[in-house]
Amino acid sequence: MTWRDDNIITLVPKFKIHEGKKEEYMKVLPKFLEKVKANEQDTCVFYGFVGPTEDDLVICREGYNSADGLLKHLANVDAELKAALENADIIELNVQGPPAELE
């Protein structure tokens with residue numbers, strides 16, 4: 001294995017689906033993926049969802065090549081995020097990356 005600098009910006013939101021809203025929430029997830037695949041090939045390193053769990057939690061694991069890539073993503077999926085938040089809350093949000101990118 002060759003060591004290399006890790007300059008990836010990660011974003012990991014955890015969603016808690018509102019009671020009785022799982023079906024509506026789950027319909028939005030493919031729309032996120034479609035938008036990312038269509039518009040973020042040059043900035044997104046990885047993107048995917050885990051869940052829902054038995055207690056209706058969903059985690060999105062995202063990686064970008066820069067903070068600008070992350071900001072581009074947020075603009076790209078704004079409508080989908082608003083739709084998701086009609087049926088779930090973000091209960092935890094982690095952002096990690098090189099300090100120079102996050103300042």
Side-chain angles (χ1 to χ4, degrees):
M1 174 191 228
T2 303
W3 185 262
R4 66 181 181 93
D5 289 337
D6 178 4
N7 295 318
I8 295 174
I9 306 298
T10 60
L11 177 68
V12 184
K14 182 188 286 186
F15 296 88
K16 172 70 174 165
I17 303 171
H18 298 161
E19 189 172 334
K21 297 293 187 172
K22 185 185 295 186
E23 186 176 333
E24 291 90 345
Y25 176 82
M26 296 304 291
K27 287 179 184 177
V28 177
L29 300 190
K31 295 176 183 180
F32 278 101
L33 294 169
E34 291 169 11
K35 280 272 194 91
V36 170
K37 287 180 182 179
N39 301 306
E40 300 180 35
Q41 292 179 0
D42 58 334
T43 57
C44 184
V45 179
F46 58 87
Y47 191 87
F49 292 94
V50 178
T53 62
E54 290 181 12
D55 50 354
D56 291 330
L57 296 174
V58 174
I59 296 171
C60 185
R61 296 179 60 244
E62 313 173 34
Y64 303 92
N65 60 14
S66 67
D68 287 338
L70 170 58
L71 294 174
K72 176 182 174 182
H73 167 73
L74 293 174
N76 183 41
V77 299
D78 184 62
E80 290 73 19
L81 181 57
K82 287 177 181 171
L85 292 175
E86 291 177 8
N87 300 299
D89 295 314
I90 296 175
I91 62 168
E92 189 175 314
L93 182 65
N94 291 299
V95 181
Q96 299 174 346
E101 286 288 327
L102 299 178
E103 294 176 345

ask   = Just by distance, with hydrogens left out, do Q96 and N94 show a side-chain donor and acceptor under 3.5 Å apart?
value = no
ask   = Honestly curious: do V58 and V50 fall in one hydrophobic cluster under the side-chain, below-4.5 Å linking rule?
value = no
query = Picking from N7, I8, T43, I9, what satisfies side chain to side chain contact (heavy atoms under 4.5 Å, CB included) with N65?
reply = T43
message = I'd like to know if I90 and V28 are part of one continuous hydrophobic network [Ile/Leu/Val/Met/Phe/Trp/Tyr, side-chain heavy atoms within less than 4.5 Å].
response = yes
ask   = Salt-bridged, K72 to D68, with N to O below 4.0 Å?
value = no
task = Indicate yes or no: at least one non-hydrogen side-chain atom of Y47 is less than 4.5 angstrom from one of H73.
result = yes
key: Least distance between heavy atoms, E86 atom then H18 atom   = O-ND1, 3.6 Å
query = Under 3.5 Å, is there a donor-acceptor pair between the side chain of K16 and the main chain of D55?
reply = yes
task = Find out if a path of hydrophobic residues (ILVMFWY) with successive side-chain heavy-atom gaps under 4.5 Å connects I59 to M26.
result = no
query = Are the side chain of K35 and the backbone of N76 linked by a donor-acceptor contact shorter than 3.5 Å?
reply = yes
ask   = Distance-only, no hydrogens or angles: does the D56 side chain make a donor-acceptor pair with backbone N or O of K22 under 3.5 Å?
value = no
task = Report the distance from atom CZ of F49 to atom CD of E62, rounding to the nearest 0.5 Å.
result = 7.0 Å
In one Ile/Leu/Val/Met/Phe/Trp/Tyr side-chain cluster, 4.5 Å: L74, L93 = yes
query = What pair of heavy atoms forms the shortest contact from I17 to A88, and how long is it?
reply = CA-CB, 3.8 Å
task = Check step by step if side-chain contact (heavy atoms from CB on, under 4.5 Å) holds for F15 and N87.
result = CA-CA 10 Å; F15 296 88; N87 300 299; over 6 Å; no
key: Gap separating the CG atom of L11 from the SG atom of C60, nearest 0.5 angstrom   = 7.0 Å
ask   = Can you get from V95 to Y64 by hopping between Ile, Leu, Val, Met, Phe, Trp and Tyr side chains that sit under 4.5 Å apart?
value = yes
task = Tell me, with the steps shown, if E101 and S66 meet side-chain contact (heavy atoms from CB on, under 4.5 Å).
result = CA-CA 7 Å; E101 286 288 327; S66 67; 3.6 Å; yes
